[in-house]
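Numbers restart at 1 for each chain; the letters A, B, ... are given by sequence-line order, proteins then strands. This one's a predicted model, so the numbers in the text were calculated from it and none came from an experiment.
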Protein chains: 2
Amino acid sequence: MEHNCQSFVFLLSYPDWMEEPKKICECRQCEFRSVVFNNLSGDEISLICLSKRDKSFVRGEMIIREGQEISEFLYLKRGLVKLFKMGAEGKDQIINIAKPFDFVSLLSVFSDTHYNFSIAAIDDSTVCIIDLSVIKEMIEKNGKFALRIMEKLSQSSDKIIHNNIQLNQKQLRGRIAYILLFFSNEIFYNKTFDLPVSRKEIAQLIDMTTENVIRIFSEFRRDNLISISGKTIEILNPEMLKRISAHG
Amino acid sequence: MEHNCQSFVFLLSYPDWMEEPKKICECRQCEFRSVVFNNLSGDEISLICLSKRDKSFVRGEMIIREGQEISEFLYLKRGLVKLFKMGAEGKDQIINIAKPFDFVSLLSVFSDTHYNFSIAAIDDSTVCIIDLSVIKEMIEKNGKFALRIMEKLSQSSDKIIHNNIQLNQKQLRGRIAYILLFFSNEIFYNKTFDLPVSRKEIAQLIDMTTENVIRIFSEFRRDNLISISGKTIEILNPEMLKRISAHG
DNA sequence: CGCGGCTTTGATGTTCATCAAGTAAAGTGG
DNA sequence: CCACTTTACTTGATGAACATCAAAGCCGCG
């Protein structure tokens, strides 16, 4: 999971017989390259390298604040973040949870000048930050790259929209089952995991009250669908949870 | 509102002194051009013309059926359509209502091979259909065009997502107020309008039951916020509706 | 150690879906 | 065009699902 995209290697001097080497950047090895940057030439990768930097955030830190100007293109390299809209007094609404290689700035990067949502780390995270103008320039110049970016962007929006539709139709038990399976299957790839969010945040994510999140957790524990100890959750009966998620 | 994008003008023969004219296509005059196709050269516009056709649908007709392969890029030239996911027995869920110049195929055009939602005309509509491969080719070749398409696409997704978030937080009265103002301000630009959808469809759009849509309509009429006669609605007290929409 | 935030459970009331039943409107076949 | 059927609309009554309020234990942190 660790990767290091930030260092350049310069030769301080070189013998006559040697051409001046191009700047070598570890972006060439970055896993992210395989996601969308495949279509970029070596030179283009180098250009990105020049304008990019990594930034790390600890759990709980704000990465983007609603209203901030969009001048950079962000993707998540490590950790877990939440996208959310702030509301009055703890009434935030979580739009999405993003994991490594997601474009976290994607809503509105290309459609607005300012963020209309916030981003915060829900686990220690590092974000790769690229000048938006560089990305735009590259989109203009490299058509394959443009298509690939559109694909990723479109996928992310689709996912959010369809998530929302699905959740709206379920009632509380269904939503809890859904979110438990989401963490287990799509984030941690494990039946046992530590919830990275508070009960309250779960409530904000699936649109219900904190009390009811807890109540249904307890209910599921009573029915031996899950076991809970603090933040640690183990899925005991995934089939039943799937049925509950699908139905109700 | 009327426009005609479909006819080519060919000269059947031309004198020696005249160069063979390029195909002239009325796309050059199409309003849509100003929306995104500004950045295309005359030749590129011609290419689009060659691969495109218009198709009209009467109110109620299906335009796209869930599961269908995506091979074309659609935009709405005239009318009103609904994007929706089919559910069991009238339990459809309406995702969005699109108006002229919206990209109606936008969710998933670039991220999937098959539609995962349906489109139907809720008013007599005409759709301009362009080969998706032609659009993709143009995105690859013309960077400015690519950026413009991304912008439009991103705007549309953003709108849907934020709509959803807003609606989720409101209770029934707030949703009805919201949707009434939506039709008045964003679709018909008029305080009096004919609802293009049934009460049931409104319920599917803002996620409630048909009975409650009717109940709250009646309530609003009783309180002199609106007047209703059949499908015709007049907004009498927009300020109050705005307040109701904002609050609850 | 004490304060504030997170968690938990119970009691209560509101909001909303469901059921039922009837009227109006719109489409259908003779 | 009329009887007929179906679909849309409307209102009321009931109960289920859920939010809100209240109270107490827990945990981490300055």
Side-chain angles (χ1 to χ4, degrees), chain A residues 58-61 82 87-94 120 122 167-180 194-223 226-233 244 247-248, chain B residues 58-61 82 87-94 120 122 167-180 194-223 226-233 244 247-248:
Chain A
V58 302
R59 170 190 267 251
E61 240 182 310
K82 63 173 178 181
E89 181 50 25
K91 290 273 180 195
D92 297 348
Q93 168 97 4
I94 298 179
I122 54 180
L167 279 173
N168 277 346
Q169 298 182 164
K170 298 182 198 307
Q171 39 199 49
L172 302 198
R173 263 157 279 269
R175 294 187 203 171
I176 293 287
Y178 186 84
I179 208 67
L180 287 172
D194 278 6
L195 268 184
V197 289
S198 67
R199 314 289 197 247
K200 188 177 177 183
E201 284 173 307
I202 291 179
Q204 293 170 348
L205 179 59
I206 59 183
D207 214 32
M208 54 195 279
T209 58
T210 310
E211 291 96 320
N212 278 331
V213 172
I214 291 162
R215 241 184 282 277
I216 292 166
F217 272 15
S218 301
E219 206 178 292
F220 281 4
R221 179 182 44 194
R222 181 169 49 69
D223 298 344
I226 58 176
S227 79
I228 313 175
S229 75
K231 293 272 188 194
T232 306
I233 293 207
I244 294 173
H247 269 76
Chain B
V58 302
R59 171 190 267 250
E61 240 183 309
K82 62 173 178 180
E89 180 51 26
K91 290 273 182 196
D92 298 348
Q93 168 98 3
I94 298 179
I122 54 179
L167 279 174
N168 277 347
Q169 298 181 163
K170 297 182 198 307
Q171 38 199 51
L172 303 198
R173 263 157 279 270
R175 294 187 203 172
I176 293 288
Y178 186 84
I179 208 68
L180 287 172
D194 279 6
L195 267 184
V197 290
S198 66
R199 314 289 197 250
K200 188 176 175 183
E201 285 173 305
I202 291 179
Q204 292 170 349
L205 179 58
I206 59 182
D207 213 33
M208 54 195 279
T209 58
T210 310
E211 292 96 321
N212 278 330
V213 172
I214 292 162
R215 239 185 283 277
I216 293 166
F217 271 16
S218 303
E219 206 177 294
F220 281 5
R221 178 181 44 194
R222 181 168 50 68
D223 298 345
I226 58 176
S227 80
I228 313 174
S229 75
K231 293 272 189 194
T232 306
I233 293 208
I244 294 174
H247 268 77

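At whole-Å resolution of the value, CG in L172(A) and C1' in dA16(D) are 12 Å apart. Note: CD (Q169(A)) to C1' (dA17(C)) measures 15 Å, nearest angstrom. The distance between atom CD1 of I202(A) and atom C1' of dC6(C), rounded to the nearest whole Å, is 13 Å. Taking atom CG on N168(B) and atom P on dA19(D), their separation rounds to 12 Å, with Å as the unit. Between the CD1 atom of I216(B) and the P atom of dG12(D) there is a distance of 14 Å, rounded to whole Å. The separation between K200(A) atom NZ and dG5(C) atom P is 9 Å, rounded to whole Å. Separating the CD1 atom of I206(A) from the C1' atom of dC18(D) is a distance of 13 Å, rounded to the nearest angstrom. Between I228(B) atom CD1 and dT11(D) atom P the separation is 9 Å, expressed in whole Å.
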As a check on the pairing definition, encode DNA chain C in dot-bracket form, counting Watson-Crick and G-U wobble pairs whose two distances are under 3.5 Å, and using | for partners outside this strand.
||||||||||||||||||||||||||||||

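Considering only heavy atoms from C-beta on, I176(A) comes within 4.5 Å of L180(A) through its side chain.
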Does the side chain to side chain contact (heavy atoms under 4.5 Å, CB included) test come out yes or no for I206(A) and Y178(A), once each step is laid out?
CA-CA 9 Å; I206(A) 59 183; Y178(A) 186 84; 5.6 Å; no

Derivation and outcome, side chain to side chain contact (heavy atoms under 4.5 Å, CB included), residues R215(A) and S218(A)
CA-CA 5 Å; R215(A) 241 184 282 277; S218(A) 301; 5.8 Å; no

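Residue-level contact check: I214(A) touches the bases, meaning some heavy atom is under 4.0 Å from a base atom. Contacts of T210(B) with the nucleic acid, taken as non-hydrogen atoms under 4.0 Å apart, are absent.
From I179(B), atom CD1 reaches atom CE of M208(B) across 10.5 Å, with rounding to the nearest 0.5 Å. Summarising the geometry, atom CD belonging to E219(B) is positioned 12.0 Å from atom CZ belonging to F217(B); distances are rounded to the nearest 0.5 Å.
Ranking dT15(C), dT11(D), dT9(C) by closeness to the R221(A) side chain, first place goes to dT9(C). Closest approach to the M208(A) side chain among dA19(D), dT18(C), dT11(D) is made by dA19(D) (side chain taken as heavy atoms from C-beta onward).
Side-chain N or O atoms of K231(A) include one that pairs as donor or acceptor with a backbone N or O of V197(A) at under 3.5 Å.
The pair R199(B)-E211(B) does not count as a salt bridge, with every side-chain nitrogen at least 4.0 angstrom from each carboxylate oxygen.
Between R215(B) and K170(A), the residue whose closest nucleotide on DNA chain D is further toward the 5' end is R215(B).
OP1 or OP2 of dC9(D) lies within a sub-4.0 Å distance of a side-chain N or O belonging to K231(B). For dA17(C), the OP1/OP2 oxygens have a side-chain nitrogen or oxygen of N212(B) closer than 4.0 Å. For the pair S218(B) and dT11(D), the criterion of a side-chain N or O lying under 4.0 Å from OP1 or OP2 is met.
Interface remark: the E211(B) side chain does form a donor-acceptor pair with the dC19(C) base, using a distance-only criterion of under 3.5 Å.
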